[in-house]
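Reading through the structure tokens given below for one structure.
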Number of protein chains: 2
Amino acid sequence: MENNVREMFQIMTRRFGLLDKNCCTAGGLDISLVQSHIIYEIDRKHNPSIQQVADALSIDITTFSRQVQSLVKLRLVQKTPLPEDRRINILSLTTQGKFVATVIDEQMNDYLKEVFSHMSEFERDMVINAVKLLNESMAKSSVCCTPLG
Amino acid sequence: MENNVREMFQIMTRRFGLLDKNCCTAGGLDISLVQSHIIYEIDRKHNPSIQQVADALSIDITTFSRQVQSLVKLRLVQKTPLPEDRRINILSLTTQGKFVATVIDEQMNDYLKEVFSHMSEFERDMVINAVKLLNESMAKSSVCCTPLG
DNA sequence: CAAAATACTTGCAAAATGCAAATAATAATG
DNA sequence: CATTATTATTTGCATTTTGCAAGTATTTTG
């Protein structure tokens, strides 16, 4: 039993990773896994800086800088220097970028809905509570993942 | 509430992905995320072929072929042609490879133990049941992840 | 104001990726 | 039984991604 716990988490993680990998074609563009995470994070945070998003996703800042450049080139993301500290660049989604974020979000929600359709309502609530609990516990953990939240 | 569901899953997935990213230094070697997944899968399956592992991990077969080559070079993995069909190469872990798999496994289990330590026993059981249920439902899903199990 | 710190970018060189094509072995067909 | 698929894996090649070291620009600190 104890032995299976890691296996269960490994499989679950891999499945969600896979889902991401298949993601995403949106608005006629092929979005990579990393790009979809970046778009998601910019959408979620309120005017994040480059550094903040890189930290949140644990991506090396130099790699991230270039990822942002390519998203800017695709006209999905905008960089705006912060007036009160011009070292800092604020990231935001363009209209096109918001559209892509919405499409990806719908795809993910459809998938989650489909997965939940194989459960009873009781089970569905249990799973949601469990994931919430897991996130809270991981946030408390000293081992990993402090930047996330 | 509905809105938060995807967010919860996104955060959870990212956290477990992160954990993997930090993983692993084992036996004096730095193991990449992809390598740790490959080692895990070879350990888990019984004498898998190259094709089988590539499918299980949804890695392009040509990329995977080269990943295996580098793991062979690191003396963590062995390729053995199958006698009854010499097109097929069976993968197995060397002693060193098994050691690395064990070290990674212990790290992951320690982490899970730490995460669960922030919960009651009741909550822990709920989370484990929920993850099991999730995996079963994802397996039933038509959208994603059929090769996994 | 000079030195240190912060936010970000660029130069490289190494690694990873994936399509197309090759090789090698087996299975299927006529 | 020779020929043609089919399957498993590898290599060529060109592109992309990655991350360290070093750079620029701006702000903070002493």
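Just so it is clear: chains get the letters A, B, ... in the order the sequence lines come, proteins before strands, and each one is counted from 1.
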Is any side-chain N of the basic residue among B:K98 and B:D43 closer than 4.0 Å to the acidic one's carboxylate O? no
Residue-phosphate contact under 4.0 Å: B:S65 side-chain N/O, D:dT9 OP1/OP2: no
Note, A:F16 side chain near B:R14 side chain (heavy atom, < 4.5 Å): no
Are side-chain heavy atoms of B:L112 and A:M8 found at a separation under 4.5 Å? no
Can you measure B:Q69 atom CD to C:dA16 atom P for me and round it to whole angstrom units? 12 Å
Distance check: side-chain N/O of A:T63 vs OP1/OP2 of D:dT17, anything under 4.0 Å? no
Using a 4.5 Å cut-off between side-chain heavy atoms of Ile, Leu, Val, Met, Phe, Trp and Tyr, which other residues end up in the same hydrophobic cluster as A:Y40? none
Taking only the side-chain heavy atoms of B:R66 (C-beta and beyond), determine which of C:dT10, D:dG12, D:dT10 contains the nearest atom. D:dG12
Divergence of helical axes at both termini of the helix from C:dC1-D:dG30 to C:dG30-D:dC1 - five pairs an end, 10° steps: 10°
First of A:V34 and A:P83 reached from the 5' end of DNA chain D, by closest nucleotide: A:V34
Value in whole Å for how far the C1' atom of D:dT15 lies from CG of A:D30: 15 Å
Classify the side-chain pair B:E114/A:S141 by whether it contains a donor and acceptor separated by less than 3.5 Å. yes
Nearest to the side chain of B:I88 - D:dA8, D:dG19, C:dC19? D:dA8
Over all strands shown, is B:S49 touching base, sugar-phosphate only, or nothing at heavy-atom distances under 4.0 angstrom? sugar-phosphate
Please tabulate the protein-to-nucleotide N/O contacts below 3.5 Å involving nucleotides 22-26 of chain D, giving atom names and distances.
from: D:dT26; atom 1: OP1; to: A:R86; atom 2: NH2; distance (Å): 3.3

Residue pair B:F64/A:Q35 against DNA chain D: nearer the 5' end by closest nucleotide is B:F64
OG1/A:T13 to CE/B:M108 distance, rounded to the nearest 0.5 angstrom? 6.5 Å
Rounded to whole Å, how long is the line connecting atom CD of B:Q51 with atom P of C:dT26? 17 Å
Can you check the B:L74 CG to C:dA15 P distance for me, whole Å? 11 Å
Is any NZ, NE, NH1 or NH2 atom of the basic residue among A:R124 and A:E121 found under 4.0 Å from an Asp or Glu carboxylate oxygen of the other? no
Below the 4.0 Å mark, does D:dA8 have OP1 or OP2 next to a side-chain nitrogen or oxygen of B:K79? no
Between the side chains of A:N129 and A:D125, does any donor sit under 3.5 Å from an acceptor? no
At under 4.0 Å, does any side-chain N or O of A:Q67 touch on OP1 or OP2 of D:dT16? no
Report yes if some heavy atom in the side chain of B:H37 is under 4.5 Å from a heavy atom in the side chain of A:Q10; otherwise report no. yes
Nearest-angstrom distance from the residue atom CG of A:L33 to C1' of C:dT17: 14 Å
Find the distance A:L91:CG to C:dC8:C1' and express it as a whole number of Å. 11 Å
Nearest whole angstrom, please: distance from the P of C:dA25 to the CD1 of B:I90. 16 Å
A:I61 has an atom CD1; how far is it from atom P of D:dT17, in whole Å? 17 Å
Go through C:dT9, C:dT17, C:dG18 for me and flag the one nearest to the B:D60 side chain. C:dG18
So, B:K132 and B:E136, do they make that salt bridge, N to O below 4.0 Å? no
